[in-house]
2 protein chains.
Amino acid sequence: MQLSKSSQYAIRILAYMVDYKDSKLLNATELSETLLIPYKFLTKIMTEVVKSGLVISIRGRDGGYCFAKPPSEIKVNEILTIFNDSIKDEQCVLGIGFCNGMCKCALHDQWMEPKHLMQKMFQESTLEEIAGRGCKI
Amino acid sequence: MQLSKSSQYAIRILAYMVDYKDSKLLNATELSETLLIPYKFLTKIMTEVVKSGLVISIRGRDGGYCFAKPPSEIKVNEILTIFNDSIKDEQCVLGIGFCNGMCKCALHDQWMEPKHLMQKMFQESTLEEIAGRGCKI
DNA sequence: TTTTAATTCTACCTTTAAGTAGTAATTATT
DNA sequence: AATAATTACTACTTAAAGGTAGAATTAAAA
Ligand code: SF4
Ligand code: SF4
C-alpha cells in the first residue's frame, strides 16, 4: 500500500525544487545529498521526469534541472503517471482485475471512498501547494 | 498502491470459505480451481493462515480447511497482519519513514483521511460482512 | 582548445515478491 | 496393511523493483 520508490522520490525532489524555482538550477549531486536519495537512482528518475516534459535539464557544466512550467500548474498526479503509479478507476485493493458494475469484489463498496480521496488528492494537488506544507525532505 | 498478492488471495479465499463455514471442509484443489489461484501458491499462503490461528487444517484424506473461529469475529485486518500488510499509523504515501508530529512530509495532511478510512475499512470489516457483498471471486 | 562539471545512455547487480517442484507427513478408506 | 488423498516442509526458479557502474555526451569556463 505505498507508491513506488520512483514516485516517492520524484515527488520529494520536485517538491524540494519548488523553493528554488526562480533562483537557480539544481543539480543531481545537490539533490541527492540534501534529499538523501542515491545519486545514480536519482539521475535515472530525473531522466524520466525530463522526458515526460515536466522538467527541463541543462547538460554540461553549471547544468541542472528546472521546471518546464510553473509548479503551480503541475499536479502531483502528473508525476505518478510517469511511473505508472496513477490510481486508475478500475484499480482494486484486491487487484482482481475484472471490476465492472456487474461483478464486484468483497471489499468494493468500502474501497471506493478512500480510492476517490486518493485520486482527488493526487489529481488536484499542485506541486506548489504541497511544497508549501510540511518540511522539505 | 495495492495489497500484496498473498493478502489479496488470502482475503478472497477466506471470503469464499464463509459460504461453506458450516457445511464442509474446503480443500486446496477446490479452492485453487474455483478461485483461479495457483495451487502451490495457495497452499503456501494457507499454511501461513493456519499458523496464524484463523483457520484450522485437517490433513490427510478428506482433509481441508475450516475456520478456527466464526467469520463474524474475524476482521479483515487480521488477515493483512499475517502478511505484514496492515496499514500502520506511521505509514506514509511517501514512505519517508520519520513521520512524527514535528516534521511531516508534503502530502501528510491530505494523506491522513484516506489512510484512516482504509484502516477503518480493514479493522472494522469482518469476513462475514464482506462475504455477504460482491460476487464470490 | 583543453579541462571540468554536468546530464544521459547502456548495461549490469541486488533484493524482494511471486510462483513452482518435489518430497515428507498425516489420515480416511479399502 | 496398503492405498489414496490431503496438508506441510524445504528448496528452488522467475519476474519486477530498486539500485549501481562506467562510459558517452554536452556545454561552460579557463
Ligand atoms: S470489485 Fe471493486 S474493489 Fe474489487 S477489484 Fe474491482 S474495483 Fe476493486
Ligand atoms: S509526514 Fe505524513 S504523509 Fe509523510 S511519510 Fe510521514 S505520515 Fe506519511
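Each chain gets a letter, A, B and so on, in the order its sequence line appears, and its residues count up from 1. Everything numeric in this text was worked out from a predicted model, so none of it was measured.
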Rounded to whole Å, please give me the gap between [atom1] in [X] and [atom2] in [N].
X	N	atom1	atom2	answer
A:Tyr9	D:dT20	OH	C1'	13 Å
A:Leu42	D:dT20	CG	C1'	14 Å
B:Lys24	D:dT6	NZ	P	11 Å
A:Ile56	D:dA27	CD1	P	14 Å
B:Glu33	D:dT6	CD	P	11 Å
B:Lys5	D:dA15	NZ	C1'	13 Å
B:Asp62	D:dA5	CG	P	10 Å
B:Leu25	D:dT7	CG	P	9 Å

Indicate, with a heavy-atom threshold strictly under 4.0 Å, whether [X] touches base, sugar-phosphate, or nothing.
X	value
B:Ser57	sugar-phosphate
B:Tyr65	sugar-phosphate
A:Thr29	nothing

Original post:
Reading DNA chain C 5' to 3', which nucleotide is the first, and which the last, to come under 4.0 Å of any heavy atom in chain A?
Top reply: C:dT4 to C:dC9

Subject >> Quiz item: A:Lys44 side-chain donor-acceptor pair to D:dG19 base, under 3.5 Å >> reply: yes

**OP:** Check whether any side-chain N or O of B:Trp111 sits under 3.5 Å from a backbone N or O of A:Met121 as a donor-acceptor pair, and report yes or no.
**Re:** no

Subject >> Exam field: side chain B:Lys88 to backbone B:Ser86, donor-acceptor pair closer than 3.5 Å >> reply: yes

Subject >> Side chain proximity check, B:Lys21 to B:Glu128, heavy atoms < 4.5 angstrom >> reply: yes

Original post:
For D:dA8, does OP1 or OP2 lie under 4.0 Å from any side-chain N or O of B:Thr47?
Top reply: yes

Would you tabulate the pairs of protein nitrogen or oxygen atoms and nucleotide nitrogen or oxygen atoms of nucleotides 21-25 of chain D closer than 3.5 angstrom?
residue: D:dG22; atom: N7; partner: A:Lys40; partner atom: NZ; Å: 2.9
residue: D:dG22; atom: O6; partner: A:Lys40; partner atom: NZ; Å: 2.6
residue: D:dT25; atom: O2; partner: A:Arg59; partner atom: NH2; Å: 3.2

Original post:
Does a side-chain N-to-carboxylate-O contact under 4.0 Å join A:Lys69 and A:Glu73?
Top reply: no

Original post:
A:Leu3 and A:Phe122: side chain to side chain contact (heavy atoms under 4.5 Å, CB included), yes or no, with the steps?
Top reply: CA-CA 12 Å; A:Leu3 296 174; A:Phe122 293 137; 4.2 Å; yes

Subject >> Nucleotide nearest B:Arg61 (side chain, heavy atoms from C-beta), chosen from D:dA8, D:dA4, D:dA29 >> reply: D:dA4

**OP:** Please list, by residue number, the residues of residues 77-88 of chain A whose heavy atoms come closer than 4.0 Å to an atom of DNA chain C; answer none if no residue qualifies.
**Re:** none

Original post:
What do the steps show when you test A:Asn77 against A:Glu124 for side chain to side chain donor-acceptor pair (under 3.5 Å), and what is the final call?
Top reply: CA-CA 8 Å; A:Asn77 200 54; A:Glu124 298 185 358; over 6 Å; no

Original post:
In chain order, what residues pass the side chain to side chain contact (heavy atoms under 4.5 Å, CB included) check against B:Lys75, with sequence neighbours excluded?
Top reply: B:Glu78, B:Thr126

**OP:** Under the side chain to side chain contact (heavy atoms under 4.5 Å, CB included) rule, collect the residues that match up with B:Asn27, sequence neighbours excluded.
**Re:** B:Thr29, B:Glu30

Could you pull out every donor-acceptor pair under 3.5 Å between side chains of residues 40-47 of chain B and any protein atom, sequence neighbours left out?
residue: B:Thr43; atom: OG1; partner: B:Lys40; partner atom: O; Å: 3.0
residue: B:Thr47; atom: OG1; partner: B:Thr43; partner atom: O; Å: 2.8

**OP:** Before giving the answer on side chain to side chain contact (heavy atoms under 4.5 Å, CB included), spell out for B:Tyr20 and B:Leu25 the whole-Å C-alpha distance, their side-chain angles and the decisive distance to 0.1 Å.
**Re:** CA-CA 8 Å; B:Tyr20 299 87; B:Leu25 294 181; over 6 Å; no

Original post:
What is the minimum heavy-atom distance between B:Ile130 and B:Ala15, and which atoms define it?
Top reply: CD1-CB, 4.5 Å

Original post:
Is there a side chain to side chain contact (heavy atoms under 4.5 Å, CB included) between B:Leu80 and B:Ile11 once you walk through the steps?
Top reply: CA-CA 8 Å; B:Leu80 302 192; B:Ile11 293 173; 3.9 Å; yes

